[in-house]
Number of protein chains: 2
Amino acid sequence: MDQQDSCIVRLFSNYCALSEKDKELLFALEQSPTEVRAGETLWKECDRASEFCTIRRGWAYSYRNLGDGSRQILEIYLPGDIIGMREFAFSQRLSGVTMIDDGVICYFPHRRLLDIFRSSTTLTAVLFAIASRHQVLLTERLVNLARRSAYQRLAHFLYEMYERLGQTDSLSDGHFRLPLSQEQLGDALGLSSVHISRTFSTFREEGLVLRERHRICLVDPLKLAAVAEFDSRYLNDSLRPLFSDIEFKERGGEVNEVRTE
Amino acid sequence: MDQQDSCIVRLFSNYCALSEKDKELLFALEQSPTEVRAGETLWKECDRASEFCTIRRGWAYSYRNLGDGSRQILEIYLPGDIIGMREFAFSQRLSGVTMIDDGVICYFPHRRLLDIFRSSTTLTAVLFAIASRHQVLLTERLVNLARRSAYQRLAHFLYEMYERLGQTDSLSDGHFRLPLSQEQLGDALGLSSVHISRTFSTFREEGLVLRERHRICLVDPLKLAAVAEFDSRYLNDSLRPLFSDIEFKERGGEVNEVRTE
DNA sequence: CGCAGTATTGAAAAATATCAAGAGGGGTGG
DNA sequence: CCACCCCTCTTGATATTTTTCAATACTGCG
């Protein structure tokens, strides 16, 4: 495999221009690829946590099971994502992860992250940026779940997937594959599967979104984003913010701090 | 001010033993203290983001306003917390922050964090651990909002505050001050203030929680934790996990990696 | 004393869940 | 190729939870 094919190198490159050394460091995270099958569980809640992984191919989701038998799907992971960072400070898994599709994942130990902290300020900063972005995504989802109607929640979810997928693949019109059952969508959005079905029916009647098995068509993406009150800043405003500064300093430059007191 | 009084040094010490040099680095973040008044807004959504701050005294909360006039309170910050990390990768604020009490906060520029990355692997790892812990808190809150009844949500919130406060102060029995109106509680829990009131009434009838203005008394904390399905791992399992490893390596030791393939 | 923000309570309305029955679809074994 | 079955989805009826609206009480404060 060429470094150019590395999802993780591509992901990091979104944030910052990388040196060759940085690329090699990153590339090392994607050794020991493992084939996994759709439905396979990478780990369960309460398992010992001492590794992360990157997802090179396929989709996955993380979840938490609740006492009453229901569960919450926390995140949908796409190729290039790093999984398991949540538990960096923990000895146990706090959420399970299972594959949606067949795929390939690459495990690496927590310790490898420390190597990165030690050897590259740039990568460290990018990791921090990624973590910060994750947190923003999570926050946005929290607002979505806490404040919006079922109709808006589903609209928001669909539009978010559309945007995320559009960042790597170019989506012809508003079409994309969404390999999630209505029950899984319900688990992700805090709604019953029945209500998901009804909400899709409403979308169809209004001609806003069409769904056929696992294919979604956003007839009018902008209108969908509007009804969801989708704030696209939280997905798009995270590219190369203050990293020009890093690169500058790394090259030995001096930055005079202008602090407005 | 002595370093021992520094909230942030104390916070970081929870995760890892710190060298003197590390303490000085951290201590430097708490310069330029600013007095702020209850109700004062530190920043609004969409403001330019180029600083973090630590909160040395007082409480604060972050929030997002929504199109329909409602708002979501995202986090409650206590002394020692770092505020604004969410926007590390962003140029704009994605949430506002306002003070609950009078207090003292210390601003420092994003760039100061890069200095830390550059000069201390230990602090970098701790920062990462803190970010990871934040994310876990957020996740737990997300589950709470998405999956639980009003009754459970409020129970969970109260118990979480109880635990967090208990980590710095020792709370006599289940008593603590909670300087939030029922409207603010509603904003935090995705409920109407009316329903918060009703839920407190239920608690009172059951003799589970008493509330008088801004004072809360958890009559039976353990029972409260049980009804909330509170998972205390997510608050307590984050102290000194793999950092013995860091210290070891920092001292020049060699760690042989045992990777189970 | 009066006023503004905050809390309580009741009644009605809205949103969503639950239960139940049936429809469609795709895979598997006969 | 067909029959069957399991799983997912759809739709209707009903139940539950929570919101909204409105009226009234409470509290601290100028």
Side-chain angles (χ1 to χ4, degrees), chain A residues 37-39 66-73 98 100 102 144-158 177-206 209-217 227-228, chain B residues 37-39 66 68-73 98 100-102 144-158 177-206 209-217 227-228:
Chain A
R37 314 287 316 208
L66 278 88
D68 63 354
S70 70
R71 71 171 181 175
Q72 177 64 32
I73 290 184
T98 104
I100 294 170
D102 292 351
N144 200 32
L145 292 178
R147 288 283 149 201
R148 297 205 249 252
S149 67
Y151 183 88
Q152 286 183 299
R153 278 188 229 181
L154 186 53
H156 194 276
F157 181 89
L158 294 174
R177 193 179 75 99
L178 184 73
L180 296 170
S181 69
Q182 297 193 354
E183 180 155 14
Q184 288 170 323
L185 287 171
D187 286 346
L189 295 172
L191 296 167
S192 69
S193 62
V194 175
H195 207 67
I196 296 285
S197 171
R198 288 192 221 275
T199 308
F200 269 120
S201 298
T202 308
F203 282 149
R204 187 171 359 95
E205 283 161 23
E206 297 176 344
V209 177
L210 304 176
R211 173 179 196 264
E212 192 174 331
R213 308 282 315 142
H214 286 163
R215 296 217 51 91
I216 296 287
C217 173
V227 307
Chain B
R37 312 289 317 211
L66 278 88
D68 63 354
S70 70
R71 70 172 182 175
Q72 177 64 32
I73 289 184
T98 102
I100 293 170
D101 292 316
D102 292 350
N144 200 32
L145 292 177
R147 287 285 149 200
R148 297 204 250 251
S149 66
Y151 183 87
Q152 286 184 298
R153 276 188 229 182
L154 185 53
H156 194 277
F157 181 88
L158 293 175
R177 193 178 74 99
L178 185 72
L180 296 169
S181 69
Q182 296 194 354
E183 179 156 14
Q184 288 171 322
L185 288 171
D187 286 348
L189 294 172
L191 295 167
S192 68
S193 62
V194 175
H195 207 64
I196 296 284
S197 172
R198 288 192 222 275
T199 308
F200 269 120
S201 299
T202 309
F203 281 147
R204 186 171 0 94
E205 284 161 22
E206 296 175 344
V209 176
L210 304 176
R211 171 178 199 264
E212 191 175 329
R213 305 287 312 147
H214 286 163
R215 297 218 51 92
I216 296 285
C217 172
V227 308

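Proteins come first, then strands; the chains are lettered A, B, ... in the order of their sequence lines, and each starts at number 1.
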Given protein heavy atoms under 4.0 Å, the one-letter contact record of nucleotides 6-22 of chain C, with B base, S sugar-phosphate only and - none, is simply -SBBBB----SSBB---
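Counting heavy atoms from C-beta on, the side chains of A/Asp68 and B/Gln152 never come closer than 4.5 Å.
Rounded to a whole Å, the CG atom of B/Leu189 is 16 Å from the C1' atom of D/dT17. Straight-line distance from the CD atom of B/Gln184 to the C1' atom of C/dG5: 12 Å, rounded to whole Å.
The heavy-atom pair separating B/Ser197 from B/Gln182 by the smallest distance is CB-OE1, 3.1 Å. Smallest separation of non-hydrogen atoms from B/Gln184 and B/Arg71: CG-NH2, 3.7 Å.
Remark: the backbone N or O of B/Asp187 is paired with a side-chain donor or acceptor of A/Arg147 at under 3.5 angstrom. Although no hydrogens or angles enter the test, the distance criterion places no donor-acceptor pair under 3.5 Å between the side chain of B/Arg148 and the main chain of B/Arg153.
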